[in-house]
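Here the structure is a predicted model, which means the values were calculated and not measured. Both backbone and side-chain heavy atoms feed into the values below; hydrogens, waters and symmetry mates do not.
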Amino acid sequence: MKKYTKAISWRIIPLLFIAISIVGCTDLDENPDFTTEDNFFDTAEQLELGVNAIYDGIGYGQDWFNHYYNRFVFECLAGYQVGWEKGPLNYQNGNVSPDDEYIATYWRISYENINRANAIIQKADDLKAEGVPNSALIDRVKAEAQFLRAFYYYNLVRYFDNIPVTTTKTASDQDLPSNENGKRVALDLIQSDLSMAAAILPESYDSGDVGRATKWAAEALLVKAYLQDEKWDEAYTTAQTFISESGMVLFEDFADTFSVENENSGPRIFEAQVSASANSGENQNYHQHFIPGDLPNDLGGVGWHWLNSTQAFREKYDPTDKRIAGTFIQEYPTTRVGPNSEGERPIVKWSAEAPYNLSRFGGMVAADADPNNPDELIFSNGWSAKYTEMGLSNANLTEKNIVYLRLADVLLGHSEAANESGTGDPYYGINEVRRRAGLAPLSGLNKEQLRDAIVNERVLEFAMECEIYPELKRKSTFGGSPDYLGEYIQDFIDTYGVDRTLSPKDYVLPLPLNEVLGNPNVTQNPEYE
C-alpha cells in the first residue's frame, strides 16, 4: 500500500472531459449549458484542477500505446534493447516509417497535452488580469503548465528535431503551427518556460500535492535542455546551482531509485504518479512488457515479455557494478522446465555462459534443462528490474511510478557541461555516479576521453529508461565523429547478424503521416521524403 495519497492521480481522471473541452470547443453565441473553458475556469482552484489533466498524459493517460510505452519502442532503434513483437522488432531492424502507429499515438498525446497547457497558461493570464483572488495559486498553476509544456516539447524535439511549435490554444485548422526552424523555436521556448517556472514553483509540496512539478524539476529539465542546445556554460551554471542548493544526494542502493517505497523522495526529482490500487485506470503496462517470458503467472508473469536487453549489452557492466541488481533481474522461478526433485519450481540465474539469440526464446533457460542441475538452470536475457514488480498476484496492479528526472541526470550533465566548456570540475558528477556504483573514480583523461566516459556512464546508468536512444542521438552525427549512436547500432548488427544497414534515418524519427497530410504548414524530415 502507498504511504501517502497520490493526490493528483485521484483527481485527474474525472476531469479529463474538462481538459478535452478546453481544446476542442469554440465560443458559441448562446449561453452554453455544458462545461467549457469560459464557464468553468473562473477561480484559481478550478484552474488547478485543469492542470491535473496535463499531468495525466505522462503516465498511463487514456491510451494503451501511451507516452512512456511508445518510447520503449523508439528505444529499440539503438539496438541494445530488443523485443520480438512487431513494434520493437521493426525498430531494432531499422524499419521505421511515417505511418507508424507508435509515432502517431505519441505525437497525438504530446500535442493534446501541449494544447491543454497552452489553454491553462492563457486562462491564468486572463484570471490575473481580471483580479481573481488567490493570485499566488494562479501563478503556481501557470508555472506548472509551463513546465509541462516544456516537458512535452523537449521529448518531442529530441526525437523529431524540427517540430511544429505553438503557444496558443489551437481552435481551428486555420491556425496550425509550422515546423520551419522548429528545433530552434522549440528549444528557445523550452528554456524560456523552464526559467520562468523555476522562478515560481516551490521547492517541495505538502502531502496533498505530492507529484507536482517543483523548482528542482524545472532546473533539472533546464540542464537537459541546455545540453540539447549545446549551451555548455548555461548547463554548467544551472547544474552547479542545483547541486549546491537542492541538498539532494543519491540513494546508496541504486534499486531504491525505482522502488515503490521511495517514490517522490530523495534524488527522484519528477515522476508520473501511478497506482492501480488507487484507481484501476492508472495501471501502467511496463511490467507486462519487461517481465521474463517464463515467470509464473501467480508471481506476476502474465504479460507480453516483449522487451529486454541483449546479452552483449548486459555484459558491458563491470561484474562489480552495484547497479546491476537494480537494473537487471538476476534470478527467478521458471515455468519453462518441470519441477525439481523437491516438487518446486526451479530457480534460474543469469549467466554469461547461457546461449543467446534474438528469437523470442533465445535467451531463456533451455526447455530441456535438468531441473536439478544448477549449471543448466541459466538464462542470458537482460530482463529489466527497473519497472518490474516480482511477486505480483495480478500483473495489472502495477504501483511503480515512472521516474522521468533524477539526480544522476544532473550530475552527469554537470560533468558533460564542465568538460565541454572547460569550466569547473568535470569529474565531480561522473565520479559521484560511479562512487554509488562501486566503481573507481576517473582522472587524467583528455577532453575526448572524458566525453566518451560520460556517454558510457549515462548508458549504463539509464539503460531501459527510454533515455539512451535520444541521448546517443544527441551526441552523434551520421558518418561523423563522434558517432556513438552509429557505433551502438553497427555493433548490434555485427554481433547478431541483423539484416539492417546504418542510415541517416536511424538518427531522427519521421513526423507522422497524418500530421504531414493534415497540416500544410509542416514538412517531413528530409530523411523520409
Side-chain angles (χ1 to χ4, degrees), residues 75 77-81 158 220 223-240 242-244 250 254 309-310 312-324 327 382 406-465 467-495 502 506-507:
E75 191 78 344
L77 266 171
Y80 81 94
Q81 177 184 282
R158 67 203 304 223
V223 171
K224 291 170 72 72
Y226 283 143
L227 294 176
Q228 188 78 32
D229 205 10
E230 298 187 354
K231 290 185 175 179
W232 309 122
D233 290 334
E234 292 89 337
Y236 173 78
T237 300
T238 307
Q240 181 64 40
F242 187 106
I243 292 167
S244 301
L250 295 172
F254 179 73
S309 80
T310 66
F313 179 76
R314 169 66 177 78
E315 292 185 79
K316 286 183 178 291
Y317 287 76
D318 185 299
T320 66
D321 195 322
K322 293 180 180 179
R323 290 173 296 200
I324 290 174
T327 302
R406 53 190 184 90
L407 179 58
D409 225 340
V410 178
L411 291 170
L412 291 173
H414 182 273
S415 282
E416 179 180 350
N419 186 51
E420 298 294 347
S421 67
T423 304
D425 179 5
Y427 290 101
Y428 172 76
I430 188 172
N431 280 342
E432 181 61 13
V433 171
R434 289 175 62 83
R435 179 200 63 77
R436 192 263 303 273
L439 302 175
L442 301 177
S443 63
L445 305 179
N446 64 32
K447 185 175 183 177
E448 289 71 26
Q449 290 170 331
L450 183 53
R451 180 187 296 138
D452 292 347
I454 293 168
V455 170
N456 182 65
E457 206 65 49
R458 190 177 287 277
V459 169
L460 299 178
E461 177 77 16
F462 289 93
M464 292 179 284
E465 292 181 55
E467 285 290 309
I468 305 311
Y469 170 72
E471 284 298 308
L472 293 177
K473 171 185 179 296
R474 175 175 69 84
K475 300 292 289 184
S476 303
T477 303
F478 174 67
S481 181
D483 185 8
Y484 302 107
L485 177 59
E487 290 172 6
Y488 260 82
I489 294 173
Q490 193 60 54
D491 184 60
F492 171 65
I493 292 170
D494 294 342
T495 301
L502 187 67
D506 294 321
Y507 295 72

Considering all heavy atoms, the nearest [X]-[Y] contact:
X: Ala418; Y: Thr423; result: CB-O, 3.0 Å
X: Leu460; Y: Lys316; result: CD2-CB, 4.3 Å
X: Tyr317; Y: Thr327; result: OH-CG2, 3.9 Å
X: Gln449; Y: Leu445; result: OE1-CA, 3.5 Å
X: Lys322; Y: Phe254; result: O-CB, 4.4 Å
X: Asn431; Y: Leu442; result: OD1-N, 2.7 Å

Could you check whether [X] pairs with [Y] (Lys NZ or Arg NE/NH1/NH2 to Asp/Glu carboxylate O, under 4.0 Å)?
X: Asp409; Y: Arg458; value: yes
X: Glu416; Y: Lys475; value: yes
X: Glu230; Y: Arg474; value: no
X: Glu461; Y: Arg434; value: no
X: Glu467; Y: Arg406; value: no

CA sep, side-chain torsions, deciding dist, call: Glu465, Glu75, side-chain contact (heavy atoms from CB on, under 4.5 Å): CA-CA 9 Å; Glu465 292 181 55; Glu75 191 78 344; over 6 Å; no

Worked verdict on Leu407 versus Phe242 for side-chain contact (heavy atoms from CB on, under 4.5 Å): CA-CA 9 Å; Leu407 179 58; Phe242 187 106; 3.7 Å; yes

Between [X] (side chain only) and [Y] (backbone N and O only), is there a donor and an acceptor less than 3.5 Å apart?
X: Asp229; Y: Lys231; value: no
X: Ser421; Y: Asp233; value: no
X: Asn419; Y: Lys447; value: yes

Check whether any side-chain heavy atom of [X] sits under 4.5 Å from a side-chain heavy atom of [Y], and report yes or no.
X: Tyr488; Y: Ile468; value: no
X: Pro441; Y: Arg435; value: no
X: Tyr427; Y: Leu450; value: yes
X: Ile430; Y: Leu411; value: no

So, taking the atom named [atom1] in [X] and the one named [atom2] in [Y], what distance separates them when rounded to the nearest 0.5 Å?
X: Glu315; Y: Thr310; atom1: CD; atom2: OG1; answer: 8.5 Å
X: Ser476; Y: Ile489; atom1: OG; atom2: CD1; answer: 8.5 Å
X: Ile493; Y: Gln490; atom1: CD1; atom2: CD; answer: 4.5 Å
X: Leu250; Y: Arg436; atom1: CG; atom2: CZ; answer: 4.5 Å
X: Lys473; Y: Phe478; atom1: NZ; atom2: CZ; answer: 14.5 Å

Under 3.5 Å side-chain donor-acceptor pair for Tyr469 and Asp506: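 Short answer, no.
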
Modelled atom types, side-chain donor and acceptor of Ser244 and Gln240, under 3.5 Å: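 Side chains of Ser244 and Gln240: pair found under 3.5 Å.
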
Tyr80 and Phe313 aromatic ring geometry - parallel, tilted or perpendicular at 30°/60° bounds: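 The arrangement is tilted - the two ring planes meet at 30° to 60°.
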
Mutual orientation of the aromatic rings belonging to His414 and Tyr236 [parallel < 30°, tilted 30-60°, perpendicular > 60°]: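 Rings of His414 and Tyr236: tilted, 30 to 60°.
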
Stepwise side-chain contact (heavy atoms from CB on, under 4.5 Å) check, Trp232 with Leu227: CA-CA 6 Å; Trp232 309 122; Leu227 294 176; 3.8 Å; yes

Derivation and outcome, side-chain contact (heavy atoms from CB on, under 4.5 Å), residues Asn456 and Tyr484: CA-CA 9 Å; Asn456 182 65; Tyr484 302 107; over 6 Å; no

